Protein chains: 2
Amino acid sequence: MAQKSISHERQNAICRMIKAGEVFDVSRLAKKFNVSDMTIHRDLNKLQNQGHITRTHGGVMPAERMEFEFDFAARRSANKKAKNAIAKKALEFIKPGSKIIIDTGTTTLELAYLLKDFSDLTVITPSLAVASILQFSAGVQTVLLGGILRKGSPDLTGVVAEKVLDMFMVDLAFQGADGIGLNGELFNADMRIAKVDQKIRRRAQKTYILSDSSKIGRTDLASNGTLSEAEAFITDSNITKERMAELEKTGTKIIICKI
Amino acid sequence: MAQKSISHERQNAICRMIKAGEVFDVSRLAKKFNVSDMTIHRDLNKLQNQGHITRTHGGVMPAERMEFEFDFAARRSANKKAKNAIAKKALEFIKPGSKIIIDTGTTTLELAYLLKDFSDLTVITPSLAVASILQFSAGVQTVLLGGILRKGSPDLTGVVAEKVLDMFMVDLAFQGADGIGLNGELFNADMRIAKVDQKIRRRAQKTYILSDSSKIGRTDLASNGTLSEAEAFITDSNITKERMAELEKTGTKIIICKI
DNA sequence: ATACAAAAATAACATATTATAACATTATTG
DNA sequence: CAATAATGTTATAATATGTTATTTTTGTAT
């Protein structure tokens, strides 16, 4: 076998140069090393086969680290401040050792960010967004519900998700809502999510509904139940007194947090 | 804007510029990169297909989306060419309308890339990597198994994953192996994956084992069964005649693809 | 609304560029 | 000096780009 042959040296050099971020085309490299284009092609193919670089028609790039992106249509996340305050309040109810469900939604996503540094926690979630936030948290074990991955949506739904929920019983669940009627009715923009939301409440000892006050008095496509099924409703201090009174008629405990 | 750029570089640059909020029309971009309008149209269509931008008549906008990254320790994958050839061979067995399972592994990941443009297909997978590749494919419905998300690993395993598998019965399954003994024994580097692999074979009418020839004659931590349980074993032409003869003694159909 | 003109996007084809395959040639090694 | 690997040469294939004609969208005036 050839020992440190010239070709091997050249390939290493090419590899280093490319990884250093320099942009080359084949003929430039050929001139630089004083060999034919074909030789460079062969070098690049070898390096690619070894997984060091990625070739494109007319170019070379360093092989990207394997990372997988899930892109999702971003719902305009308004009221960030309120959502963050609500999440902070919700955090108070979580004790070390808890098993919890974090549902889909932007408010619950805020809660996930706060859980990153938590220790000794098991989180079950239908949201890939939540899972991606918690994937590296040393103290948090994440269980992803299975299910159908809808295009442009970061949530797992369907029969599978519901069946998987049946396998668990948790201490606490945190869920949002796209709308909350003045009679306490909870709404989702998506029917499939509504079904999962219902199920989640049945698999948790206590459910907290997290929603900023702007959602109150709004309805949406799918009703999934009422506030009275929940342990409490956490919202921000922009809620009007009238609406608060209305909602309290339903017997729901309402927790207000200042923003 | 002086010289011509490599297509891939140009597309990346365009994508970055648009995401940076700069608004461009096609002819401006064409001038900037010194290419024809048509080329820019093609670039933009490609970027739109990948879900990075949104085109409007006469303009371009950044796609409003959240990106969630799942980062995993990047095993750099060797023998890319062999893996790709094997995946292409496997593709021949998939018919429109099929329901299939794509297991974890780098060879099966190659197969996932080839399935992107397939129409009318249902893919069930325990691999977030596979799911991320197929998330935008119009013709492919993706079902993610649930389960525990291990840190630094893109695969869902555990009781949940196994239970979810029980909910399905598919036409075909494609799985890799970290090692294949000369007696046909199949090995995984991870015990949890081994269990899921076993289960997968039971939920598919036919299972194809995909593995480049370098894995033959190697063992690893966990045995998960034997080749004889599979419909066929697809590998590359670098397999030696002796080893092929050995493996054929097990009664396994071996499909060789040239690289 | 309807018709029309202007702008933009697409389709179809032609051209140019880049990559691969097959074979010939040259080094290199044991 | 044979055997093997590396390189070069040429022909062919694949891909990207450019050009032009046609269709779609958009805006405007009727």
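What you see is a predicted model, and the numbers here were worked out from it, not measured in a lab. Residue numbering restarts at 1 for every chain, and letters A, B, ... go by the order of the sequence lines.
Residues B:N84 and B:K88 have side chains that bring a donor and an acceptor to within less than 3.5 angstrom of each other.
Atom CZ in A:R42 sits roughly 12 Å away from atom C1' in C:dT26 (whole-Å rounding). Regarding B:H41, its NE2 atom lies at a distance of 14 Å from the C1' atom of D:dT20, rounded to whole Å. What separates NE2 of B:H8 from P of D:dA16 is a distance of 10 Å, to the nearest Å.
If you find the closest nucleotide of DNA chain D to B:K46 and to B:M38, the one lying nearer the 5' end belongs to B:K46.
Note on A:D37: nothing from the nucleic acid sits closer than 4.0 angstrom, heavy atoms only.
The nucleotide whose nearest atom lies closest to any side-chain atom of A:S36 is, among C:dT10, D:dT9, D:dT17, D:dT9. Looking at the side chain of A:V26, the nearest of the listed nucleotides D:dG18, C:dA19, C:dT20 is C:dA19. Side chain of A:H57, nearest nucleotide from D:dT7, D:dA16, D:dG8: D:dA16. Side-chain proximity of A:V35 to C:dT10, D:dG8, D:dG18: nearest is D:dG8.
Under 4.0 angstrom from either OP1 or OP2 of C:dT18 there lies no side-chain N or O belonging to A:R28.
Only one option out of A:I133, A:D155, A:D103 pairs with A:S127 in a side-chain contact (heavy atoms from CB on, under 4.5 Å); it is A:D155.
A salt bridge is defined here as a Lys NZ or Arg NE, NH1 or NH2 lying under 4.0 Å from an Asp or Glu carboxylate O, and B:K83 with B:E110 fails to meet this definition.
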